[in-house]
Amino acid sequence: MNDAPPRAAATPPAWWRSLQDDVGRFLRSPLEVDGGRFHSPREAAAALHPRVVDDGPGPGAAARLALYHEQYWMRLFHTLQQTFPRAARVTGYFAFNRLAAAHFATSPPRSADLADVGRGFFTRLQAVLDGLLVADARARAPHGVIDARLPSLIDGGDDLDELDDQLRAVRAVLRNVDVPWSMLAQALALDEACRRAFEAPTAPRWTMTPEVIAGVRASRLGVRTAASFSLVRVDWPVEAAAAITPSLPENALANAADADNGPEPPAPSTTRLRAPIHHVIVAREGGVAHGIVDPVFARLLLRMRHSRFDDAVRHIEQQFPPAALAHLQASFDGFAAGAADNGWWVGTTA
Amino acid sequence: MTVPATFLKSGPRPLARDAVGLGLRPVHLAAIRESPPDIDFFEIIAENFLGRSEAPRRNLEAIAARYPVVAHNVSLNLLGTDPLDFGYLRRLRSLVEQHHMPYVTDHLCFCASEGTHHHDLLPVPLSSSLVGYAVDRIRAVQDALGVPFGIENASTYLRFKDDDLTEQEFLRRIVDGADCGLLLDVNNVFVASVNHGFDPHAWLDAVPWERVFYVHLAGHLQRPDGLRHDTHDRPVDDDVWALYREAWRRGGPFPTLLEWDDHIPPLDVAVREVRRAIEMRP
């Protein structure tokens, strides 16, 4: 196949390029928020209106242009909700869509793969929040353990001039999301772990023989952790079961209704769990797999990413009571075989 | 009609002219594995299988081992002014060859500009001054893919003042000029006919039936303001079934594919819906 067939050099008429660019700018222009709904402001289509037939059957040009405008945004909102389902449930869909709008205003989609629109959302939101959380809250603890509710954490200063439009929009949203920041942070972390696992390479299936397990236990061998592996500690009731399967329908127009005007999710419970849950997330053939491990083995998994069993045992000895170490020693062989079966460990290091 | 049990080792796997198929959606994968449905082929949205994730490609291997698969696209940006993405076309060709797909299709629309993707099938002016440009781009795509390529008529909600052709004239000139195939979406013909006030049966008069690869069916929404919205979220409308019968009478037999993209029902419901096509044929 030729890399650049001669016919690809065809140049479009100038008027067509100009019209397309106008359409693109129209679609990317923000929707208006009014009465808890997103809608296309009439003035957004002003540049295009004279180019569009306005005297056909049914509604006029304004309504037809608005359909495309709202469809563009709702499809992005819906996709981001699917990619970050736990965070969307924690904030509520309407608030989440406003966060999404701020994200896409600065990062419009540049890939044909709709699943890519979630890239950067987690990092951007974390960074934006860094700029909005009051200084003393930041100083007290890292993100994951700031327990105060979001409205009380968002900097309330009157320095609006120092905030750009996106920061101002995010602040306005989060002042009305009455959940603890650590709960949202944990929901986001779980969603992002799933998103990364979905796009990560899947390692071939690997089985640990008794000989290999013995070698690992004796620290003659190390283990190789899957590239897609994430371990997320959660102590808020953010649902972990949702699977992520981004897909690009030919026409997701019905999403336009669901993403905005559908029923909000039930308000999340903000009763903290009695004990933290450690989620292991990894890419598997055909999708993303979740597992749950106890705190001792969670520590073991993290430690053995970079060191051998004897070092991990010493570390656990310092962090946990003696019974935990006994539990580890008694259960290690079965755990190791399971870690390989589940795709968490994918090979050995000499 | 029986589910194909053999897997051809080489060459494209043609579809029977009276075949019925479904758009492959992730939500149906488990049900397909558990109880392979009585249909003749699946259509994939190719972009879903060419992203970073390996999972969709692995799932497709199992499907393609049992059923013929055709590749449908939503992002080639055939009438866009951004350059064609030959990197994507190379990956697509590889997927097509791997699974012996008989042809590839996309919509006659634009979906990106200034380097950003709109993730929509946007309408184009039905202008004679765009025909040559469209022909050049489609020929380039066809050359790059190495298998027959077809274009689909899209659902549209607006028309431009630059139009100097009817949609069927525009489509016909491009299909003839590019010497390509046609994916005839009967639902889209009906939706556009209501939205723009033309006779869908007259539209069928201009269809070059010898170029039709297969036919799409889907459900759509009737909005309170009268517009028909191509939602793919419900059963096929009775008026669309009537138009399908008419299409079959004029140009059948042709393979028939049901798209269902939102509020997707259980697999058996979707299969029943597409198999209604067999009963609808005159």
Side-chain angles (χ1 to χ4, degrees), chain A residues 1-5 7-8 10-13 15-17 19-21 23-24 27-28 50-53 56-59 61 63-65 67-68 71-72 75-76 108-116 198-199 201-202 245-255 258 283-288, chain B residues 25-26 45 47-48 50-55 58-59 72 74-75 80-81 83-86 88 90 93 110 113-122 125 129-130 133 136-137 139-140 143-144 146 155 157-162 195-197 221 225-227 229-233 259 261-263:
Chain A
M1 187 187 71
N2 297 327
D3 277 359
R7 293 187 189 93
T11 50
W15 66 266
W16 176 223
R17 183 185 293 280
L19 177 55
Q20 269 193 27
D21 293 351
V23 171
L27 294 176
R28 292 193 299 274
R51 311 290 297 272
V52 175
V53 173
R64 292 166 185 261
L65 285 162
L67 187 158
Y68 282 106
Q71 187 168 276
Y72 168 82
R75 181 172 291 120
L76 296 181
R110 295 195 177 275
S111 161
D113 186 359
L114 195 56
D116 277 358
F198 182 76
E199 65 176 35
T202 307
T245 52
S247 63
L248 178 58
E250 173 177 295
N251 197 332
L253 306 184
N255 298 341
D258 292 350
R284 295 300 277 164
E285 297 92 343
V288 174
Chain B
R25 303 295 180 257
I45 303 297
E47 286 83 353
N48 287 344
L50 293 169
R52 287 184 177 80
S53 177
E54 293 173 2
R58 287 175 182 265
N59 290 327
H72 186 46
V74 292
S75 72
T81 55
L84 291 169
D85 184 348
F86 284 99
Y88 175 83
R90 267 194 297 276
R93 179 174 183 154
F110 83 101
S113 62
E114 297 183 294
T116 64
H117 274 265
H118 310 317
H119 294 293
D120 203 349
L121 310 170
L122 297 168
S129 66
L130 283 180
Y133 181 64
D136 282 348
R137 298 262 288 192
R139 283 179 174 265
D143 287 352
S155 283
Y157 310 106
L158 60 79
R159 289 275 197 250
F160 291 98
K161 288 180 179 169
D162 306 274
N195 292 342
H196 305 305
L221 169 72
D225 62 6
L227 282 180
H229 203 164
D230 185 24
T231 47
H232 295 193
D233 66 341
E259 300 176 290
D261 289 306
D262 204 2
H263 301 304

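Each chain gets a letter, A, B and so on, in the order its sequence line appears, and its residues count up from 1.
There is no contact between B/Leu50 and chain A, counting heavy-atom distances below 4.5 Å. Heavy atoms closer than 4.5 Å to chain A are found nowhere in B/Leu221, neither backbone nor side chain. Within the 4.5 angstrom heavy-atom criterion, only side-chain atoms of A/Pro13, from C-beta onward, approach chain B. No part of B/Asp85 comes within reach of chain A, as not one of its non-hydrogen atoms sits under 4.5 angstrom from that chain. Contact of B/Asn59 with chain A is made through the side chain alone, with heavy-atom distances under 4.5 Å. Of the atoms belonging to B/Phe110, it is side-chain heavy atoms, and not backbone ones, that fall under 4.5 Å from chain A. Contacts of B/Arg159 with chain A are made by both backbone and side-chain atoms, with heavy-atom separations under 4.5 Å.
In this structure a side-chain-to-backbone donor-acceptor pair under 3.5 Å is missing from B/Ser113 to A/Asp21. Side chain of B/His119 to backbone of A/Ser111: a donor-acceptor contact under 3.5 angstrom is found.
Among the candidates A/Pro108, A/Ala61, A/Gly24, the residue making the largest number of heavy-atom pairs closer than 4.5 Å to chain B is A/Gly24.
When side chains are defined from C-beta on, B/Pro125 counts as touching A/Leu19, because their heavy atoms get closer than 4.5 Å. Between A/Arg64 and B/Leu227, some side-chain heavy-atom pair lies under the 4.5 Å cut-off. In this structure, B/Thr116 and A/Leu27 have side chains that are not in contact, with every pair of non-hydrogen atoms separated by 4.5 Å or more.
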Q: Evaluate side chain to side chain contact (heavy atoms under 4.5 Å, CB included) for A/Gln20 paired with B/Leu122, printing each intermediate quantity in order.
A: CA-CA 10 Å; A/Gln20 269 193 27; B/Leu122 297 168; over 6 Å; no
Q) Can you list the steps and then say if A/Glu285 with B/Glu54 is a side chain to side chain contact (heavy atoms under 4.5 Å, CB included)? A) CA-CA 8 Å; A/Glu285 297 92 343; B/Glu54 293 173 2; over 6 Å; no
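B/Glu114 approaches A/Arg110 most closely through the heavy-atom pair O-NH1, 3.8 Å. A pairwise comparison of heavy atoms in B/Ser129 and A/Trp15 identifies OG-CZ2, 3.3 Å as the closest pair. Scanning all heavy atoms of the two residues, the minimum distance from B/Leu121 to A/Tyr68 falls at O-CE2, 4.4 Å.
With rounding to the nearest 0.5 Å, the separation of CG in B/Asp225 from CG in A/Leu67 is 8.0 Å. Separation of atoms CG (A/Leu65) and OH (B/Tyr157) is listed at 13.5 Å; rounding is to 0.5 Å. Atom CZ of A/Arg51 sits about 12.0 Å away from atom CG of B/Leu158, to the nearest 0.5 Å. Distance NE2/B/His118 to CD/A/Gln71: 12.5 Å, rounded to 0.5 Å. Atom CZ of B/Arg52 is separated from atom CG of A/Asp113 by 7.5 Å, given to the nearest 0.5 angstrom.
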